2 protein chains.
Amino acid sequence: MLVKDAGEFGLIGRIRDLLPVQPSSVIVGVGDDVAVLDVSGPEYLVATCDAQVEGVHFARGQIDPYRLGRKTAAVNISDVAAVGGAPQWALVSLAIPDSTETDFVENLYRGMCDELAAAGAAIVGGNVARLDSGIAVDFILLGKVAPAHLVLRRGARPGDAIMITGFPGESRAGLELVRRPGLKIPKEARERVLARHFAPKPRLREGQALARSGLVHAMIDVSDGLLADLAHICRASGAGAEIHAEKLPVSPAASSVAQAAGKDVLDWVLSGGEDYELLFAADGSDAAGIRSLLDDAAGAGCFEIGRITGRTGEVRVVLKEGEDILYTADTRGWDHFGGARQ
Amino acid sequence: MLVKDAGEFGLIGRIRDLLPVQPSSVIVGVGDDVAVLDVSGPEYLVATCDAQVEGVHFARGQIDPYRLGRKTAAVNISDVAAVGGAPQWALVSLAIPDSTETDFVENLYRGMCDELAAAGAAIVGGNVARLDSGIAVDFILLGKVAPAHLVLRRGARPGDAIMITGFPGESRAGLELVRRPGLKIPKEARERVLARHFAPKPRLREGQALARSGLVHAMIDVSDGLLADLAHICRASGAGAEIHAEKLPVSPAASSVAQAAGKDVLDWVLSGGEDYELLFAADGSDAAGIRSLLDDAAGAGCFEIGRITGRTGEVRVVLKEGEDILYTADTRGWDHFGGARQ
């Protein structure tokens with residue numbers, strides 16, 4: 001079988017099946033966005049890595065090295081934020097053609113450094129290697145989280161409210177403008193969605209405030225798409241979910257791009273990916289308190305978009321009364337070997 | 001300026017120059033083979049990463065995926081061994097064409113798992129991404145080391161004996177056989193040098209025994225070549241070194257390959273690279289004790305090959321009385337953007 005037939009999650013499943021039992025020091029291991037490790041200190045160690053590959057994740061003509069550096073760091077910071085952690089140390093493994101300008105490399109690192117500094121972290125090591133076909137940056141981020149504050153994908157309970165920070169779908173709208181730069185979109189909306197695509201802001205303070213509150217049962221950052229990541233929470237929690245379409249936060253900027261492109265903005269909101277918003281489950285009775293603490297901590301809003309259900313593994317979107325669609329991994333979401341399926 | 005003109009160490013120097021001051025939690029930071037981090041626990045965290053890129057570090061037709069997996073893990077274990085650490089957790093960031101057989105990927109991971117298991121460590125996370133041009137495996141290894149046992153590159157003192165475990169140059173002899181398979185070499189020698197090239201054994205027990213002994217002032221694993229790595233020790237220690245050619249351990253197997261190839265085996269011993277032996281400095285009066293403890297801990301031998309000197313940054317090889325060569329990074333050693341220079 002080929003990797004493209006197995007798909008990203010099929011491949012990860014095969015890898016997971018052949019690994020030995022995880023040592024007892026591993027609180028969260030393979031299959032999650034982060035590993036959580038007991039280093040015998042007062043806090044757990046959080047470790048994550050994510051690669052940006054030229055021609056797959058970015059095109060060199062579309063993003064300058066500084067912004068590429070910031071984004072590379074940001075997507076990893078987002079993973080640490082989603083467990084309530086504090087980023088500390090980064091390793092950068094860079095593979096590049098030897099015909100690359102050193103300026104490009106230096107600006108890439110400047111971007112990573114600035115994004116890390118804003119998150120209280122720093123580059124402490126790494127590696128450089130030659131890669132003839134293009135640039136690949138592998139970014140490894142280590143952080144800390146107090147055991148009492150750790151929030152995982154697992155832990156959502158039937159009846160919980162499902163909440164999300166900010167507006168998913170905007171990054172996907174930005175991608176549409178990259179692909180179709182000729183679309184006529186008001187300048188402000190154009191700039192907003194492009195910034196969301198090229199310069200995502202990880203929800204670090206929000207993640208930490210949510211984790212410290214003790215009110216959040218399960219959390220993930222939305223990188224694969226709202227529904228795909230919600231499905232991760234459901235699978236890990238042994239639960240299902242129901243999203244109410246009319247409650248979804250739909251950004252006017254994303255709407256204007258979708259309209260001009262002749263696309264359904266709801267698809268982008270549900271399955272766009274690269275949103276780096278936090279998606280979490282909590283008691284519905286705590287929703288007001290959570291909105292207030294997010295506003296205090298980061299001036300951020302959040303939206304209640306549905307409920308966790310007892311129908312294990314089933315993620316359903318209620319479009320309007322009596323009209324549902326059932327999410328399955330085959331028809332929606334983002335798979336790195338399958339591309340966007342929409 | 002292009003990366004190929006700056007060279008690997010020039011590029012790393014430029015990157016280091018633009019990084020902010022390292023946080024106080026960083027015991028060893030950018031520029032070393034490992035980062036050593038204070039995680040507020042009883043032991044320091046050791047973190048290292050190293051990439052294996054198809055077409056640069058390996059050719060798919062020359063090494064099977066299981067051995068590639070073992071080697072990928074082994075070179076990182078060697079880095080942790082060189083500071084006296086104990087490997088614990090690995091993250092694997094894999095970038096592959098989607099036309100790769102899943103069998104290949106599974107055997108790669110089996111190799112990594114087996115090598116890690118032998119070192120007491122396990123894969124706990126990672127990432128998979130698409131890379132159209134070939135396979136790139138980025139391997140991140142985390143380990144622990146007691147602060148009292150940490151041994152670094154810095155710390156060598158003028159007058160120290162320079163010692164090395166085992167026979168450098170054999171891996172380079174194996175590479176020669178890969179390039180020139182028609183060379184007529186006795187079977188045993190052929191198998192030995194090929195195994196040293198494709199299946200290096202990290203000196204983990206040796207590194208830990210040396211570190212715990214408290215007798216070693218500075219240590220590094222030989223990946224770039226004996227002289228290049230000795231130069232790293234000298235630079236970090238503000239010292240120089242003098243190697244006596246007649247004391248160098250020259251493997252009969254490597255000699256037979258060099259002879260058949262019409263090459264000077266001394267070049268391979270001094271600059272071959274990928275040896276994964278431990279090179280260290282200690283009081284000459286402790287040399288016998290060190291040999292004994294290495295024999296007890298791992299049944300391993302070691303050789304005293306020269307002296308640390310006070311001539312900062314100068315690495316000199318005494319070929320015979322009155323005939324010296326001076327090592328400089330420009331003429332010897334391994335540079336990932338320049339290739340082997342010999």
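It should be emphasised that the depicted structure is a prediction, and the values quoted were computed from it without experimental measurement. Chain naming here is simple, since letters A, B, ... match the order of the sequence lines and numbering starts at 1 in each.
In this structure, CZ in B:Arg14 is found 4.0 Å from OG1 in A:Thr102, a value given to the nearest 0.5 Å. Atom CG of B:Leu45 sits about 5.5 Å away from atom CG of A:Leu45, to the nearest 0.5 Å. Between the OG1 atom of A:Thr100 and the CE atom of B:Met1 there is a distance of 14.0 Å, given to the nearest 0.5 Å. Interatomic distance, NZ of B:Lys4 versus CD1 of A:Ile96, reported as 12.0 Å (0.5 Å rounding). Between B:Leu11 atom CG and A:Leu94 atom CG the span is 7.0 Å, to the nearest 0.5 Å. For the atom pair CZ (A:Arg130) and NE2 (B:His57), the distance works out to 8.5 Å, reported to the nearest 0.5 Å.
Between chain B and the residues A:Pro23, A:Gly55, A:Pro42, the most heavy-atom pairs under 4.5 angstrom are made by A:Pro42. Contacts with chain A were tallied for B:Asp32, B:Val21, B:Leu19, B:Leu37; B:Leu37 has the most, counting heavy-atom pairs under 4.5 Å. Counting heavy-atom pairs under 4.5 Å between each of A:Asp103, A:Val124, A:Asp132, A:Asp33 and chain B puts A:Val124 at the top. Taking B:Gly29, B:Gly125, B:Ala117, B:Cys49 one by one and counting their heavy-atom pairs under 4.5 Å with chain A, the maximum is reached by B:Cys49.
The two residues B:Ser133 and A:Leu131 make their nearest non-hydrogen contact at OG-CD1, 4.4 Å.
Annotation: residues 139-151 of chain A contacts chain B through A:Ile140, A:Leu142, A:Lys144 [non-hydrogen atoms, separation under 4.5 Å]. Scanning residues 63-81 of chain A against chain B with a 4.5 Å non-hydrogen threshold yields no residues.
For B:Ile123, the parts lying under 4.5 angstrom from a heavy atom of chain A are both the backbone and the side chain. With a 4.5 Å cut-off on non-hydrogen atoms, B:Cys113 touches chain A through its side chain but not through its backbone. Residue contact with chain B, scored on non-hydrogen atoms closer than 4.5 Å, involves the backbone and the side chain of A:Glu101 alike. The contact between A:Ala122 and chain B is made entirely by side chain atoms (from C-beta outward), counting heavy-atom distances below 4.5 Å. Contacts between B:Asn107 and chain A at a heavy-atom distance below 4.5 Å are absent for every atom of the residue.
Counting heavy atoms from C-beta on, the side chains of B:Val128 and A:Ile15 come closer than 4.5 Å.
Every side-chain contact (heavy atoms from CB on, under 4.5 Å) that B:Glu54 has, sequence neighbours left out, goes to B:Phe58, B:Arg60, B:Ile135.
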Donor-acceptor contacts under 3.5 Å from residues 83-93 of chain B side chains, at least two apart:
residue, atom, partner, partner atom, Å
B:Trp89, NE1, A:Ser25, OG, 2.9
B:Ser93, OG, A:Asp138, OD1, 2.8
B:Ser93, OG, A:Asp138, OD2, 3.1

